[in-house]
Colleague: 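Sharing a structure with you now.
Worth saying up front: this structure is predicted, and the values here are computed from it rather than measured. One-based numbering, in listed order, for ligands and for the atoms of each.
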Amino acid sequence: MSKMVYLGSNLKMYKGVKDTVEFLTRLSDLTKDIDRSGLTLFIIPSYVTLESARKAVPNASILLGAQNMHWEEEGQFTGEISPRMLQEIGIDIIEIGHSERRHVMGENDFDENKKVLSALNHGFKALLCVGETLQQKELDLSDETLSTQLKIGLSGVDKKDIGRLWIAYEPVWAIGVNGIPASKEYADEKHAVIKDVLCGLFGSDADGIPVLYGGSVNPQNAEELAEMPNIDGLFIGRSAWDAEGFNKIIRATYPIFQKKP
Ligand code: PGA
């Protein structure tokens, strides 16, 4: 049996309730013939859309995630959203440590660690994003950076929970409108580094942790990234925000992923 393929998108601070519901309904419809036993399709829209989004499509079709979460169940944390609130809506995934959370909102590896532990303890899948900045890359610190982000971010994670742990490698310099996509070779090399660190932390059990690539994935580079041995899925921004476009990327890459050993 081939490995599970992971394809998903973070909608960032785009699409309100109406647009999110339309997008999800269309995406679910366009992909309804694809057997989900081999494909995990997921969308991470903004908080305010989550309740309507969950009602619009079943999670057997599209898993839904939150873009962030506070680690405490409740408290004096104005403006934050707790794991209990997200459980109530029926969300599957918590995205943690996206580059914009780290570099625009000032989160650090210790914050991400508390969120990872809380997400796993509350039964969610935790999607931890890691990636080096351009400066770290130029100083030849990429591997050390990834290692630090993983070792702190995953500190204290119990082996029994790693079946619900996903990692996204998103080099900061590759993300967004000014991003330069990583070459397939570079991305694969860093995925191998990440897998090595995961193996150091969890032993052979780490084989089951999917490592997804994100950062300017587009219709031109998606297939070559999918071919790389250490890339288990794609985590896409702009190129997935139109259901037709995302459907094309899914159909182009899913068979490539499936064929890999
Ligand atoms: P992008 O976004 O595909 O638009 O570069 C990726 C991300 O931020 O996850």
Colleague: Between Asn68 and Tyr47, is there a side-chain heavy-atom distance shorter than 4.5 Å?
Modeller: yes
Colleague: Counting non-hydrogen protein atoms only, what is the nearest one to atom 3 (O) of ligand 1? Give residue, atom name and distance.
Modeller: Gly237 N, 2.9 Å
Colleague: Below the 3.5 angstrom mark, is there an N/O of Gly214, backbone or side chain, next to an N/O of ligand 1?
Modeller: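 Among all N and O atoms of Gly214, none is under 3.5 Å from an N or O of ligand 1.
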Colleague: Using a cut-off of 6.0 Å, state whether more than 12 heavy atoms not belonging to Glu244 lie near its atom CD.
Modeller: yes
Colleague: Check whether any N or O atom of His98, backbone or side chain, sits under 3.5 Å from an N or O atom of ligand 1, and answer yes or no.
Modeller: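 Yes, since at least one N or O of His98 sits under 3.5 Å from an N or O of ligand 1.
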Colleague: Ring centroids only, cut at 6.0 angstrom: are Trp173 and Tyr186 within range, meaning strictly under it?
Modeller: yes
Colleague: Using distance alone, determine whether Asn10 and ligand 1 share an N or O pair under 3.5 Å.
Modeller: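 No - when backbone and side-chain N and O of Asn10 are compared with those of ligand 1, no distance drops under 3.5 Å.
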Colleague: Could you find the nearest protein heavy atom to atom 9 (O) of ligand 1 and give me its residue, atom name and distance?
Modeller: Glu170 OE2, 2.7 Å
Colleague: Quick one: does Leu212's side chain get under 4.5 Å of Leu234's, heavy atoms only?
Modeller: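 No, side chains not in contact.
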Colleague: State whether the side chain of His98 and the backbone N or O of Glu100 hold a donor-acceptor pair below 3.5 Å, judged by distance alone.
Modeller: yes
Colleague: Give the atom numbers and elements of ligand 1 that come within less than 4.0 Å of a heavy atom of Gly176.
Modeller: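 Under 4.0 Å from Gly176, ligand 1 has these atoms: 1 (P), 5 (O).
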Colleague: Could you tell me whether ligand 1 has any atom less than 4.0 Å away from a heavy atom of Ser216?
Modeller: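 Ser216: in contact with ligand 1 (<4.0 Å).
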Colleague: By number and element, which atoms of ligand 1 are closer than 4.0 Å to a non-hydrogen atom of Lys12?
Modeller: 2 (O), 7 (C), 8 (O)
Colleague: Specify the protein heavy atom at minimum distance from atom 4 (O) of ligand 1: its residue, its atom name, and the distance to 0.1 Å.
Modeller: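 Checking every protein heavy atom, the shortest distance to atom 4 (O) of ligand 1 gives Arg238 NE, 2.6 Å.
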Colleague: Quick one: which residue pairs count as a side-chain hydrogen bond (donor to acceptor under 3.5 Å, both in side chains) with a foot in residues 196-224, not counting sequence neighbours?
Modeller: Ser216-Arg238
Colleague: For Leu165 versus Pro210, what's the shortest heavy-atom pair and its separation?
Modeller: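 Heavy atoms of Leu165 and Pro210 come nearest at O-CD, 3.5 Å.
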